[in-house]
Amino acid sequence: MESLNTNLRIGGLGKRLVDNGLISAEDVLRAQDEAATASQPFVAWLVSNGLVDPTEAALAASQEYGVPLFDLDAIDVDQLPTQLVDDKLITRHHALPLFQRGKRLFLAVSDPTDHQGLDEIKFHTGLATDAVLVEEHKLRQALERALDAQDAAMSDMLDADLESLDIDVADETPDDGDANLGVDDAPVVRYVNKILLDAINGGASDIHFEPYEKKYRVRFRQDGILHEVATPPVNLAPRLSARLKVMARLNTAERRVPQDGRIKLALSRNRAIDFRVNTCPTLYGEKVVLRILDSAAAQVGVDSLGFELAQKTAFMEAIKKPYGMILVTGPTGSGKTVTLYTALNILNESEVNISTAEDPVEIQVAGINQVNVNPRTGLTFASALRAFLRQDPDIVMVGEIRDLETAEIAVKAAQTGHLVLSTLHTNDAPQTLTRLANMGIPAFNIASSVNLILAQRLSRRLCDHCKEPDELARDALLDEGIPEAEIDRGDWQVFKAVGCSHCTGGYKGRIGLFEVMPISEEMERLIMEDANAVALRDQAAREGVEDLRASGLRKVKAGLISLEELNRVTKD
């Protein structure tokens, strides 16, 4: 009887899919509810969750509604009139404009029953809309390609006319006469805009504008290494710094003290890049450094971080625990923030309350309550954390544990049913435990609150287009810590950087090296006995925890990084 009631509640395409034996009635009902909750077309939800084959779903829809099936492979996606419909509507309703005939717009869809989407596009375009049935997987690919082409066209336009960049600039008039020289100077405006675009297109993380006595240089940090990219005339120094300060809403008349600001640059209708700006007075003028904050680039997914399988398993188990503390450690620029936000993106659901305190917020994420720490106004990590604990949190992220007060509150939160994520500046995972003890946290509290410690570095990844085998002597391989037996078996093939048009000096992109150390019962016992970092490191090794060097050697063996790069990031 229950099965009969279930079937009676299903109609249209869902019933056709059940009758064709492609899916169960229970799965159809669940899919209808969850697709509606996610504001996603029914067919798109079924295919993206692997419940039906996209071609079979399209054929079933064609049979059910008597609509012919159109093959998207037969058209040139680059020639489609996507400009007729806003990108957000295309993405939200999973509908791709195919062609216009008079006042009628024909849209490729995988679910022709999505009348709400068709009506909304009709309202915004002023055109009557007709649905054209296509296969979901081909539609998804065509949508991605069309939107990417649209962004590329927008970037080309920006390159052609740099002055038209949509930059959020304060409407301030500088008070200082000399500083005013650079603000409205068209060549300076164009030059600065081009530098910003070149940095984004080159995958840079930071831009340095540096004045010296007889030279001015601009450098990009790409894959963790600074490269000189331009040497404008030294007499442009005050104009360049003034332009950057106006863009960042800073006081152009003040050159004696450091200042912090922010620039927002719109690359296209659906992508904007933020720059965090800092100025610092030097002997020969103000040095200005811009940190590029690209939220899209930072949300890479756990599989792209570079974990080994055992490390990923330990990491995922730790973040799924309802309470306790996860600490990420490493030097500045080692990717700690990306790792933390990868975890937060996995945990970010409507059922949980997530709050973060950072200095400053670098990655903005919808659904997470983010606070910019400002010690000058009394908003410290400790005070923000206290406020979080009065707002019914499930998960708390503290940008950095810098002092005993913050550490004590974080530990207390981890012990009282909250999951706490934070960072510390130590060289490896075992040293993090002794660092907490040196800050004044009692051993019992450390042992009972910390679930996992993750130490990491970022290593430049070898370019797949130009890397070459590196013929190293046997003794050289032994000196690097490679086991003698593996060398004799011929298990090792080391690669080196060469350089080509696809990369920068033989490297393209970066990959993480990790030491992932869960806190076991034996580790807790050692902590309670006030064991030093050496004893904790030995215990971690006995439990199979790979240190940063061993993790890096795995990636050398896999041909992902060079030995030279491994030594740069892991050797003391």
Side-chain angles (χ1 to χ4, degrees), residues 203 205 221-225 297-298 300-316 318-319 326-343 421 423-433 435 452-464 467 470 472 477 479-483 486 491-497 503-518 533 536-537 540-541 543-572:
S205 60
R221 187 177 294 279
Q222 295 169 297
D223 297 332
I225 304 294
V300 296
V302 67
D303 291 321
S304 301
L305 292 176
F307 285 127
E308 302 297 335
L309 181 59
Q311 294 174 335
K312 176 187 172 182
T313 301
F315 178 73
M316 294 300 293
I319 67 174
I326 297 171
L327 296 172
V328 182
T329 180
T332 301
S334 60
K336 300 187 295 295
T337 301
V338 172
T339 300
L340 286 174
Y341 268 95
T342 299
L421 292 80
T423 70
L424 274 174
H425 284 286
T426 58
N427 290 327
D428 59 21
Q431 287 184 26
T432 305
L433 294 169
R435 167 80 172 128
L452 177 133
I453 300 174
L454 187 153
Q456 71 177 80
R457 302 288 188 275
L458 281 180
S459 171
R460 290 180 294 169
R461 185 194 291 263
L462 284 167
C463 173
D464 291 331
K467 67 181 180 182
D470 193 1
L472 294 177
L477 294 175
D479 290 341
E480 296 292 347
I482 298 172
E486 293 185 13
D491 292 347
W492 277 81
Q493 176 62 75
V494 179
F495 289 86
K496 64 181 178 181
C503 63
T504 303
Y507 298 97
K508 186 175 179 63
R510 289 191 286 179
I511 191 170
L513 310 182
F514 297 94
E515 177 183 17
V516 181
M517 188 177 81
L536 293 169
R537 189 177 295 112
E543 294 177 5
V545 175
E546 285 189 336
D547 61 16
L548 289 165
R549 181 76 183 174
S551 175
L553 284 173
R554 279 183 176 271
K555 290 176 172 58
V556 171
K557 187 176 183 180
L560 297 174
I561 67 174
S562 65
L563 268 177
E564 179 184 13
E565 181 67 6
L566 174 63
N567 291 333
R568 184 182 72 84
V569 298
T570 62
K571 278 202 169 179
D572 298 330

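Each residue takes its place number in the sequence, starting with 1.
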Inset, instruction - Taking the side chain as every heavy atom from C-beta outward, state whether V569 and L458 have any atom pair closer than 4.5 Å. - result: no

Legend entry - R457 vs R510 side-chain heavy atoms within contact, under 4.5 Å: no

Legend entry - Considering all heavy atoms, the nearest G306-I511 contact: CA-CG1, 3.9 Å

Legend entry - Salt-bridge criterion met for K555 and E308 (N-O under 4.0 Å): yes

Inset, instruction - Please check if atom CD in E564 has more than 12 non-hydrogen atoms from other residues, nucleotides or ligands closer than 6.0 Å. - result: no

Legend entry - Reference residue T342; test side chain to side chain contact (heavy atoms under 4.5 Å, CB included); the match among T339, V338, L340: V338

Legend entry - Shortest non-hydrogen contact between G559 and F495, atoms and distance: CA-CD1, 3.8 Å

Inset, instruction - Determine, for R549 against E480, whether the closest basic-nitrogen to carboxylate-oxygen distance falls under 4.0 angstrom. - result: yes

Inset, instruction - Return the minimal non-hydrogen interatomic distance between A533 and Q431, and the atom names on each side. - result: CB-CG, 4.1 Å

Inset, instruction - Decide yes or no for E515 and P430: does some side-chain heavy atom of the first lie under 4.5 Å from some side-chain heavy atom of the second? - result: yes

Legend entry - Side chain proximity check, M517 to L433, heavy atoms < 4.5 angstrom: yes

Legend entry - Short side-chain to backbone donor-acceptor contact, Q456 and G335, under 3.5 Å: yes

Legend entry - Donor-acceptor under 3.5 Å (T329 side chain, T426 main chain): yes

Legend entry - E565 side chain to R461 backbone, donor-acceptor under 3.5 Å: no

Inset, instruction - Run the salt-bridge test on K312 and D303 with the 4.0 Å N-O cut-off and return the result as yes or no. - result: yes

Inset, instruction - Would you check if V516 and L452 make a side-chain contact, meaning some heavy-atom pair closer than 4.5 Å? - result: yes

Inset, instruction - Decide yes or no on side-chain contact (heavy atoms from CB on, under 4.5 Å) for L566 and L553, but give the supporting numbers first. - result: CA-CA 8 Å; L566 174 63; L553 284 173; 3.7 Å; yes

Legend entry - Inter-residue atom distance T432.OG1 - I453.CD1, 0.5 Å rounding: 5.0 Å

Legend entry - Any side-chain heavy-atom pair of D547 and D428 under 4.5 Å: no

Legend entry - Student check: side-chain heavy atoms of H425 and T332 closer than 4.5 Å: yes

Legend entry - Over all atoms of both residues, closest heavy-atom pair of I561 and G552: CD1-O, 3.7 Å

Legend entry - Where A429 and A455 come nearest, the two heavy atoms and their spacing: N-CB, 3.7 Å

Legend entry - V556 vs V494, side-chain contact (heavy atoms from CB on, under 4.5 Å): CA-CA, chis, key distance, verdict: CA-CA 6 Å; V556 171; V494 179; 4.3 Å; yes

